[in-house]
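So that the names make sense, note that chain A is the first sequence line, chain B the second, and so on, each numbered from 1.
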Amino acid sequence: MQARIVMLVDLDYFYAQCEEMRKPSIKDKPVVICVYSGRTEDSGAVSTANYIARKYGIHSGIPISLAKKKLKDAKIEGIFLPVDPPFYKKISDKIMEILRDYADPFEQVGIDEAYLDVTQRTKANYIEAEGLARKIKKNVLTKEKLTCSIGVGPNKLVAKIAADVQKPNGLTVVRNHDLASFMSPLPVRRLVGVGKKTEKKLEILNIRTVGQLSKFDIQRLIDIFGKKLGTYFHNASNGIDNTPVQERGIPESLSRISTLKENTKNLSVILNKAYNLCDEVHAKLSKRGLVYRSISIYVVAVDLSVHSRSKTLENPTSNLKTFKKTVSELFEKFLIDSDLEARRIGVKVSNLTKTEAEQKQLMNFF
DNA sequence: GAACAGAAAAC
DNA sequence: CCTCCTTTCTGTTC
């Protein structure tokens, strides 16, 4: 593959920034967007926090009660708001539409991130790419009143890390010439694919920085992490990533998961909740004109261990009755041979394809 | 090669 | 005290 220029546009502290836009008076306070689980008054976790809240150690994933305690200890008033996904989705859609026009091709990742291959419209020139990034930032700010951080680099991996190192409202350009000096001092945690567990494993091998990882014997990496991850680490630590920017087509799966009011192993209590989740997944499916062939259930046990069961059907379907029937069978079986108390439960459909009608529409296009 | 379950990560 | 959603990989089993 010849030289590319790839951008990663990341909408800053997205949910919290959307709320700030809706109500600018909260902008100078810690804003904490919460997923309330409904068990008790403040049970649940933080989804997103603005940068003022982050200064007090409030990050996504921590318990809401802990976030409140942190602000209380600091004697600071915070704004706690429940997530409003439809609102964020609308804003995201508008922004993604703007971004898409700058890319060739374009790849949205999640609700607040997108990769843009800008090789063509910048003629592979980094000066042009930086100018384009500024233009994009200005455009998003003018049209949607939101800031974003952009990373520009020779591939997705570098663009992503570049966007990460300076935020919010950042712009970081990494040219091939600066690749090694940019990458090698970074902690391995910055690499996509290195989370908490992998960081620990690498630390045991005395690998803390990307530079140290790049010097580590590739065969040893493969022996320890497997072929895929081992070779990925070797390449990634050298800033090499050939994965193309690709428009996302049909999703792999659609799921809904939710926390139970109380821990239980009672089938009817679980099914009552599960059927509601089925309804929601079903609604999403029909809106997108998708059918599925596989159905899964999830149980997050009291100890937070995650368990799943699944069944693949003979033929693709979108029949809600079939969905619920299968879900009930899977939960019933699970409860018989597991005896775990469920804290959270979920349902998922996968093996997705377009409906007949949608397929035809697509054919007419040609 | 497909189905299934779990782990890990990122969002 | 511990949300929610999606993807990718691995090992196992048939």
Side-chain angles (χ1 to χ4, degrees), chain A residues 8 10-16 32-49 59-70 82-83 85 88-89 92 107-114 156 160-161 163-164 188-202 222 224-233 243 246 248-260 263 277 280-281 284 293-314 330 333-334 337-338 343-352:
Chain A
L8 186 275
D10 184 333
L11 303 173
D12 297 324
Y13 61 104
F14 183 54
Y15 292 2
V32 186
I33 312 303
C34 306
V35 179
Y36 289 98
S37 66
R39 301 208 128 195
T40 59
E41 171 79 358
D42 278 338
S43 64
V46 171
S47 170
T48 321
H59 297 282
S60 91
I62 72 167
I64 296 166
S65 53
L66 180 57
K68 291 204 164 168
K69 182 177 175 326
K70 282 174 185 285
V83 287
Y88 313 139
K89 177 73 165 59
S92 167
E107 178 178 354
Q108 183 177 345
V109 181
I111 196 165
D112 65 348
E113 270 186 30
K156 295 198 326 185
K160 167 83 177 165
I161 298 173
D164 254 9
V188 288
R189 191 59 200 270
R190 292 276 190 176
L191 294 176
V192 186
V194 179
K196 230 176 161 162
K197 304 267 183 163
T198 310
E199 184 185 31
K200 266 262 163 58
K201 263 172 106 175
L202 287 168
I222 290 171
I224 297 162
F225 294 99
K227 181 155 187 171
K228 204 88 185 182
L229 207 55
T231 40
Y232 166 73
F233 282 159
T243 57
Q246 255 178 327
R248 298 266 170 126
I250 295 170
E252 292 292 321
S253 65
L254 282 182
S255 66
R256 279 288 272 132
I257 184 163
S258 149
T259 302
L260 298 161
N263 302 335
L277 300 178
E280 291 175 21
V281 169
K284 242 190 227 174
R293 203 159 78 83
S294 300
I295 297 168
S296 318
I297 60 154
Y298 278 106
V299 172
V300 179
V302 182
D303 62 356
L304 297 185
S305 59
V306 182
H307 307 264
S308 69
R309 293 290 183 272
S310 67
K311 184 179 176 177
T312 300
L313 308 170
E314 213 45 60
L330 288 169
K333 243 190 271 165
F334 179 84
D337 53 40
S338 115
R343 176 188 173 88
R344 310 170 61 206
I345 59 152
V347 303
K348 172 175 101 168
V349 292
S350 52
N351 253 310
L352 305 175

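- No engagement by A/Leu66 is indicated, since no non-hydrogen atom pair under 4.0 Å with the nucleic acid exists.
- Regarding contacts with the backbone of B/dG6, a side-chain N or O of A/Ser308 is found under 4.0 angstrom from either OP1 or OP2.
- At the heavy-atom level, A/Thr48 lies nowhere under 4.0 Å from the strands shown.
- Among the atoms of the strands shown, none is found under 4.0 Å from any heavy atom of A/Val109.
- Contact annotation: A/His307 reaches the phosphate of B/dG6 (side-chain N/O to OP1 or OP2, under 4.0 Å).
- Between A/Lys311 atom NZ and B/dA5 atom C1' the separation is 17 Å, expressed in whole Å.
- Once rounded to the nearest 0.5 Å, the distance linking CD1 of A/Ile62 with NZ of A/Lys69 reads 11.0 Å.
- Judged purely by distance below 3.5 Å, without hydrogens or angles, the side chains of A/Ser60 and A/Thr48 never pair a donor atom with an acceptor atom.
- Residue contacts shown for A/Gly61 include a base, since a base heavy atom lies under 4.0 Å away.
- Among the protein residues, A/Val192 comes within range of the sugar-phosphate backbone only, with heavy atoms under 4.0 Å from sugar or phosphate atoms but none that close to a base.
- Counted by atom type alone, A/Asn263 and A/Arg39 present one or more donor-acceptor pairs between their side chains at under 3.5 Å.
- Nucleic acid contact class of A/Ser258 (heavy atoms, under 4.0 Å, all strands): sugar-phosphate only.
- In 5' to 3' order, the nucleotides of DNA chain C bounding all contacts with chain A (an atom under 4.0 Å from a heavy atom) are C/dC1 to C/dT10.
- At a threshold of 4.0 angstrom between heavy atoms, the contacts of A/Ile62 with the nucleic acid are absent.
- For DNA chain C, the stems formed by at least three consecutive Watson-Crick or G-U pairs, with both atom-pair distances below 3.5 Å, span B:1-9 with C:6-14.
- Across all strands shown, A/Pro251 has heavy atoms under 4.0 Å from sugar-phosphate atoms exclusively, and none from any base.
- Nearest-nucleotide mapping onto DNA chain C: of A/Ala45 and A/Gly226, the residue sitting toward the 5' end is A/Ala45.
- When each of A/Thr40 and A/Ile250 is assigned the nucleotide of DNA chain C bearing its nearest heavy atom, the one mapping closer to the 5' terminus is A/Thr40.
- Residues satisfying the salt bridge (charged side-chain N to carboxylate O under 4.0 Å, His left out) test with A/Asp164, not counting sequence neighbours, are A/Lys167.
- For the residue pair A/Thr312 / A/Ser294, a side-chain donor-acceptor distance below 3.5 Å is found, with atom types taken as modelled.
- When distances are taken from the side chain of A/Thr312 to each of B/dA9, B/dG6, B/dA3, the shortest belongs to B/dA3.
- A/Arg309 comes within contact range of the sugar-phosphate backbone alone, with a heavy-atom separation under 4.0 Å but no base atom that close.
- Ion pairing between a basic and an acidic side chain is recognised when a charged N comes within 4.0 Å of a carboxylate O; A/Arg293 and A/Glu314 show no such pairing.
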